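Hydrogens, waters and symmetry mates play no part in the numbers below; they use all other heavy atoms, side chains included. Computed from a predicted structure; not experimentally measured.
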Amino acid sequence: MSETGTLHPAGTAVRATPAAAVIASVVLVELSSGITQGFLSPLLKGLTRTLHVTAADLNWISIANLLASVAFTPVLSRMGDLYGHRRVLRWNLLIVLLGSVLVGLSRSFGVLLAGQLLQGAFAGFFPLLVGILRNRSGAAESRRGISFMVAALTGGVAFGLVASGLVARSSASPTAALWVPTVAVALALAVTWPLLPESGHRPGGRVDLAGGVLLSIGLVAIMLGLGQGGTPGWEWTSGRTLLCLAGGAAVTGLWVLVELRTAEPMIDVRLFRHRNVVVVSLVALTFTFGMLGLLVANPVYLGTAKAEAGYGLGLDPLGIALAMLPNMLALTLGALVAPALATAITDRRVLVTGSVLMAAGFAGESLGRSALLPFLAATAVAGLGSGLLQHSTRTLAVEAVPHDQTSVGSGINELLINVGGSIGAAVVLTVFAARTPAGQTLPRIDAYTTSWLACAAVALAGAGLSLFYRGGKR
């Protein structure tokens, strides 16, 4: 990565920024993103009492967050490519900071969900940062940069877990730990504001607002139907569920037609004519189905005592945070070794290996649920596979698009990551709701085993899809 400045089309020089400062800034932003995504897990079990909600209701936290990500990602990504990645990233950080303040102030489930909706804008961080990196480095260096970003993201999740667990243990207030992401995002904004350089190439143009609105409405409607489907009042045959699913599919189809006729589309759907774009997109859907779908289920299981529900491992918030570290550390390791592994065995085999490891890990969680060590070992196996796929899908998604659509290519992948996670969370929510006895806050044990095995099956499907990827050694 060069320290020399580049030129905008108008001839204005971009301020030279040391490569180390760029990498440090990128890592700090992704750390704050990880903290924002990870801080809530150790607190979930306690929130069932504090906010008077059921474990099934808590799945709406991740669904709301993921739905917001679906809406924010394509717009922020396209704006970054058109108007400058740094400029849009600053606004992006401010949106997430506002959401974090709302979460910190929340004393009701509704306010918490509103904060989570705004925090969902963190999905824009990754494609905007990739745009900055790719504009200032070659392909190999860009891959290493993305590897650092994924590692920082997962490291941030681990740090957020421990930080919120420590705050929850040491504070008398049950909601004190909700302020953890505010501190992290504010620090990232203050430090990176003067350091991150602007993109050297900004073609200009306009944002396809019609495409962005149609895509957001279509996907949110589909996710809402999936998320509520099977719950009381939202039976799969009910009018509102069918309206969301069918209406969302129709609006998404209309979006495709609009994008094909738009000179400057939000997302160039013609990219999906390419085999590798389709394969990487589908693998992104399958691996996040389990990774994000179990984001609520596993922490709740870890915090449930056998005396309370007849199952669980009975950990306190700090114990939950520490118990989730093997998964996070293995995920970080997978992201760091993925570039070298792809060079040694090809990208396709990395995709297959990651998917198989995730399937084995989820199946192991079901088999080892009665004791802490076997359960944690299984989460580590799933984490290793997830780390390989986090890096590989994000890298391959960027390399499959033209240089001036870097953020859009990354944004498509981030979008599909969040769609896959939304579907996974919706499936788990449906399973939990169907297996929670009336008047109880916790589901029966078969809700967990069904969810783990479903995630394993989807991960295996991802391994099969990965075989269709075409590409040699790097």
Side-chain angles (χ1 to χ4, degrees), residues 40-66 109 112-113 116 223-236 238 241 288-317 319-321 323-324 327 361-372 374-376 378-379 382 421-459:
L40 204 54
S41 293
L43 312 177
L44 290 173
K45 179 59 172 59
L47 289 177
T48 59
R49 297 187 299 270
T50 304
L51 302 181
H52 309 291
V53 293
T54 68
D57 291 332
L58 290 178
N59 283 279
W60 273 108
I61 293 175
S62 60
I63 290 176
N65 196 277
L66 291 167
F109 194 54
L112 181 65
L113 285 180
Q116 285 283 298
M223 295 302 103
L224 180 62
L226 290 172
Q228 287 283 64
T231 60
W234 287 77
E235 291 77 15
W236 291 111
S238 69
T241 302
T288 52
F289 180 98
M291 185 187 76
L292 299 180
L294 296 172
L295 203 59
V296 170
N298 279 3
V300 173
Y301 183 83
L302 289 167
T304 301
K306 289 184 179 179
E308 181 181 12
Y311 62 82
L313 297 171
L315 303 180
D316 64 7
I320 294 171
M324 295 182 73
N327 175 269
F362 294 142
E365 289 172 21
S366 177
L367 295 173
R369 65 179 184 267
S370 299
L372 183 60
F375 186 83
L376 297 188
T379 64
S422 297
I423 296 173
V427 170
V428 173
L429 168 63
T430 301
V431 172
F432 271 43
R435 289 167 171 77
T436 300
Q440 302 293 317
T441 60
L442 297 174
R444 301 189 303 268
I445 183 61
D446 60 324
Y448 291 96
T449 54
T450 299
S451 299
W452 286 322
L453 293 177
C455 291
V458 172

[atom2] on [Y] to [atom1] on [X], rounded to 0.5 Å:
| X | Y | atom1 | atom2 | value |
| --- | --- | --- | --- | --- |
| Leu112 | Leu43 | CG | CG | 10.0 Å |
| Leu294 | Thr379 | CG | OG1 | 11.0 Å |
| Leu453 | Leu367 | CG | CG | 7.5 Å |
| Tyr448 | Ser366 | OH | OG | 13.0 Å |
| Leu376 | Leu302 | CG | CG | 7.0 Å |

Show the nearest heavy-atom pair for residues [X] and [Y], with the distance to one decimal.
| X | Y | result |
| --- | --- | --- |
| Glu365 | Ala382 | OE2-CB, 4.2 Å |
| Ala309 | Thr304 | CB-CG2, 3.7 Å |
| Pro317 | Pro42 | O-CB, 3.2 Å |
| Ala456 | Ala363 | CB-N, 4.0 Å |
| Ala447 | Ser451 | O-OG, 2.8 Å |
| Gly225 | Thr241 | O-CG2, 3.9 Å |

(message) Angle between ring planes, Tyr301 versus Tyr311, binned at 30° and 60°: parallel, tilted or perpendicular?
(response) parallel
(message) Quick one: does any side-chain atom of Thr449 pair with a main-chain N or O of Asp446 as donor and acceptor, under 3.5 Å?
(response) yes
(message) side-chain contact (heavy atoms from CB on, under 4.5 Å), that's the test. Do Val300 and Leu442 meet it? Break it down for me.
(response) CA-CA 9 Å; Val300 173; Leu442 297 174; 4.1 Å; yes
(request) Using the side-chain contact (heavy atoms from CB on, under 4.5 Å) rule, take Trp452 and Asn298 through it: C-alpha gap first, then chi angles, then the decisive distance, then the call. (result) CA-CA 9 Å; Trp452 286 322; Asn298 279 3; 2.9 Å; yes
(request) Might you work through the side-chain contact (heavy atoms from CB on, under 4.5 Å) test for Val427 and Val458, ending with a clear yes or no? (result) CA-CA 12 Å; Val427 170; Val458 172; over 6 Å; no
